[in-house]
Amino acid sequence: MKRKFVSALVCAAMVATMAVGCGGGNTETNAPASDAGTEAPAETEAPAETEAPDAGADAEAPAAGGETISIGIINNDPNESGYRTANVRNLEETFSEANGYATQTFYGKENDKQVEAAQKMIQDGVDYLLISAADVSGWDTVLQDAQDAGVRVLLYDRIVNASEDLYEAGVVSDMAKEGETAVAWLEKQGLEKYEIIHLQGQMGAAAQVGRSEALTAAAEEKGWTLVTQQTAEWNAEKAQQIVQSVIDSGKSFNVIYAENDDMAKGAVAALDKANISHGVDGDVIIMGFDCNKWALEELKAGNWNYDGQCNPFQGEKLAELIKKIESGETLSEKLIYMEEKGFDAKEITQEDIDNFGI
Amino acid sequence: MENNHAKQSKGSSFFADLTRNQLFIPMAALLLLLVFNLIMDPGFFKITLGYNSAGHPVLSGFLITILDYGSELAILAIGMTLVTAATGGQDISVGAAIAISGSVLLRMLCGTNTRPETLVMPVLLAFVITCVVAMLFGAFNGTLVAVFGIQPMIATLILYTAGRSIAAWVNNNELPIISEPSFAYYGGFIPGCPIPTPFFIAVLCVAVIALVLKFTTLRLYTQAVGINEYSAKLNGLNPVFIKILSFVILGLCVAVVGLIKVSRFSSINYSVIAKDIEMDAILAVALGGNALSGGKFNMTASIIGAYVIQCLTTTLYKFDVQADALPAYKAVVVIALVVLSAPIVREKLAALMPKSGSREVAK
């Protein structure tokens, strides 16, 4: 009897674990639309259903014509990074009730949970599904289901490995271009020698691949030395240890190319400890990515030299695309790149920090 | 702390005694790493006295790095050893709990302003509040384990998955940054003292736990509960209390490490702070030769184990091993350890020792 009770408790706890697990990634606190809320707009016929006449049962209900467009947003965990927090906030602000959207959201770091949520949103009959996938693969079936149900899919931030016919368009950052912009800036500095500490992000991440490729190619082509090329996994502490290790080994270097702001911060902490000057007029050039507000402030203070933007404000572009589809236009491009800048410490203004800091 | 494991049984040779001593494994591992580094590059042992950009004297070098980062692990190893001994399981939510502690600490210091000019309350007060919060989370884990009889790894999985999100909620998803320079002392250097502060904090923690183990019945009770819960209960101990207590003590350790971690950058990044640190802490306990199934424990061995782990990490960084390959190397160490500490292997080794012992040690 007692054992039974305990095992029941264990089961309950495991269920609780899973529930909390979902709860952790699935920050639905900000989702304005509850289940009941999304049923209603689901009934309303999507105004531009022209291209999907064979839409399934879900799209059959041409009920009272509301003006609201129902949107399902799938995103990654907002706590993943400052970039993600800004991205989630931007989309929520763009697709708010005040702007005439009924939005339901799912935030999770696991691909299969995202797919599940997408399935549910399709069943709820949303008009548009906006997806930033945790993983590039595993989306074919659900995208096919969406198409069958007449749900338009827009990808943002990340593209998935699926047939292009299955989604309308993708709004993404061009990571390779971010890398190229940064490397071009570095080349323009005209240093006598290039001895670079390359701090990479999580290996295999699109941002890592794009930002690494440009530097590796340039190093080979122009004979720059990569003193060390290590992944610090976006982590400031690891970056600090890696740079510390290079300093302790007595190797010389004059550039730190960190693939995000956190790692640049870690590197700078190691330099400060060893009293190596950095930034504008310093011995070591500091380069970071993502344009966090605090990072741009470091830039303005002259402690860093360069910060490459990774633009998380995809909301407007997405809204623009939806408007186009609604008015019956066809989209000319499958991939739409966000405009992204690189900031130089010597030129950055307070206005830039306010506008582009995340 | 005393080590009463090496019983002077049988009149066997010095080496047999040595290998039976629980400190043998971590010490041998440490020696092996140091000798390896000595052969590969004696520069590993170089320590230089320099000045940081604020003009304060600091020591730097690989050994100092080990002392610095190993101290965090050593503090965690204290709590993890007690949890392991009392419950026969490990707490895998340590990293997430550090994220929560760090967030709470920053929230207390910053208030609602994410970029405060001055601190809202004294660091000490904020730290005490953080300790209370971390101990409550420890008590939560402990209750699940002790009262509801859930496997520790499963019970702590809850906080492991939810912890970093909780940490983000504490600060409304903002990333507070503290500009007050004195806050950086805890994870950096106190002006005028060239030795990293975390080392002093670790020494303090070790001294406290040594006194507690010496003058209270904590060691006896924990081991009794870990060896046989039911007989401990029959003897009038309260296993539920002892188990929860072990988690609460770990919570305290987590709060201390949280302070150090947050202080290092005067800021926090919820998603990556103290990532995977629980694995290193558990590894430190295992490396100390403590049975991961609970029961008897040796605190000294765990603490040395923690520094050995950091020594391994730093060595791998020095030789430019890709950071994402580090876990693989650590896995090799774990496998070697688990095999080495298996009773069958140890008995065989002990039997071999008198003959080949001298060679073993020379290595």
Side-chain angles (χ1 to χ4, degrees), chain A residues 6 9-10 12-14 16-18 20-27 29 77-82 84-85 88-89 109 200 202-204 228-238 240-242 244-250 262 265-266 269 271-278 292-294 297, chain B residues 41 43-44 46 48 50-55 58 60-62 64-65 68-69 99 115 144 147-151 154-155 157-169 173-175 177 188-189 261 264-265 267 269-275 313-314 317-318 320-326:
Chain A
V6 169
L9 271 177
V10 172
M14 283 168 73
T17 313
M18 286 157 71
V20 172
C22 299
N26 175 10
T27 337
T29 40
D77 185 3
N79 309 330
E80 178 189 275
S81 59
R84 190 62 59 190
T85 310
V88 165
R89 196 173 294 159
K109 49 189 146 195
Q200 297 169 294
Q202 187 87 44
M203 298 305 279
T228 188
Q229 187 173 39
Q230 275 261 31
T231 167
E233 297 170 342
W234 310 126
N235 190 329
E237 292 164 47
K238 284 192 180 152
Q240 188 182 12
Q241 287 198 44
I242 290 169
Q244 184 73 51
S245 172
V246 175
I247 296 171
D248 288 344
S249 309
D262 265 358
K265 178 167 71 174
L271 295 184
D272 278 340
K273 199 179 136 194
N275 197 18
I276 298 171
S277 67
H278 51 82
N292 285 291
K293 223 170 217 133
W294 55 263
E297 278 159 14
Chain B
D41 177 13
F44 187 81
K46 201 173 88 178
T48 48
Y51 291 89
N52 65 10
S53 54
V58 292
S60 64
F62 288 107
I64 300 296
T65 305
D68 192 352
Y69 288 91
R115 309 292 295 272
L144 287 180
V147 179
F148 297 102
I150 302 169
Q151 247 286 316
I154 304 298
L157 190 61
I158 297 175
L159 208 53
Y160 174 81
T161 35
R164 290 180 190 276
S165 296
I166 296 175
W169 288 337
N173 254 330
E174 306 276 354
L175 301 173
I177 296 172
F189 296 84
K261 287 264 185 211
R264 281 193 195 281
F265 295 110
S267 173
N269 186 332
Y270 316 112
S271 52
V272 294
I273 186 174
K275 194 125 202 248
T313 310
T314 306
Y317 274 132
K318 178 172 188 303
D320 265 345
V321 174
Q322 287 291 324
D324 57 350
L326 292 186

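These numbers come from the heavy atoms of this one structure, side chains and all, not from hydrogens, waters or symmetry mates. Per chain, numbering begins at 1; letters A, B, ... match sequence-line order.
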Once side chain to side chain donor-acceptor pair (under 3.5 Å) is applied, do any residues pair with A:T231, and if so which ones, sequence neighbours excluded? none
Find out whether B:N173 and A:P78 are in side-chain contact, i.e. whether some heavy atom of one side chain is under 4.5 Å from a heavy atom of the other. yes
Over 12 non-hydrogen atoms of neighbours within 6.0 angstrom of NZ in B:K318: yes
How long is the straight-line distance from CG of A:N292 back to OG of B:S267, given to the nearest 0.5 Å? 9.5 Å
Under 4.5 Å from any heavy atom of chain A - which part of B:I166: neither
Interchain contact, A:Q202 with chain B, by part (heavy-atom threshold 4.5 Å): neither
Need one label for A:Q244: side chain, backbone, both or neither, based on atoms under 4.5 Å from any heavy atom in chain B. side chain
Using a 4.5 angstrom heavy-atom cutoff, name the option from A:R89, A:Q229, A:Q200, A:K265 with the most pairs to chain B. A:K265
Please give me the minimum heavy-atom distance between B:Y51 and A:N275, naming the atom from each residue. O-CB, 2.7 Å
A:E237 bridged to B:K261 by N-O distance under 4.0 Å: yes
Less than 4.5 Å to any heavy atom of chain A: does that hold for the side chain of B:F189, its backbone, both, or neither? side chain
With a 4.5 angstrom heavy-atom cut-off, is it the side chain or the backbone of B:A54 that approaches chain A, or both, or neither? neither
Side chain, backbone, both or neither: which part of B:S60 has a non-hydrogen atom closer than 4.5 Å to chain A? both
Closest heavy-atom pair, B:V272 versus A:W234, reported as atoms and distance to 0.1 Å, is CG2-O, 4.2 Å
Show the nearest heavy-atom pair for residues A:G266 and B:F265, with the distance to one decimal. CA-CE2, 3.6 Å
On a heavy-atom basis, the closest approach of B:D320 and A:T228 is OD1-OG1, 2.9 Å
Interchain contact, A:A236 with chain B, by part (heavy-atom threshold 4.5 Å): both
What's the separation between atom CG in A:D248 and atom OG1 in B:T314, rounded to the nearest 0.5 Å? 9.0 Å
Can you measure from CD (A:Q241) to OH (B:Y69) and round to the nearest 0.5 angstrom? 5.0 Å
Contacting moiety of A:N235, where chain B heavy atoms sit under 4.5 Å: both
From the list B:D68, B:I64, B:V321, the residue making the most non-hydrogen contacts under 4.5 Å with chain A is B:V321
B:Y160: partners by ring-ring contact (aromatic ring centres under 6.0 Å, His included), with sequence neighbours left out: none
To the nearest 0.5 Å, what is the distance between OH (B:Y270) and CG (A:D77)? 12.5 Å
What distance do B:R115 atom CZ and A:K293 atom NZ have between them, rounded to the nearest 0.5 Å? 9.5 Å
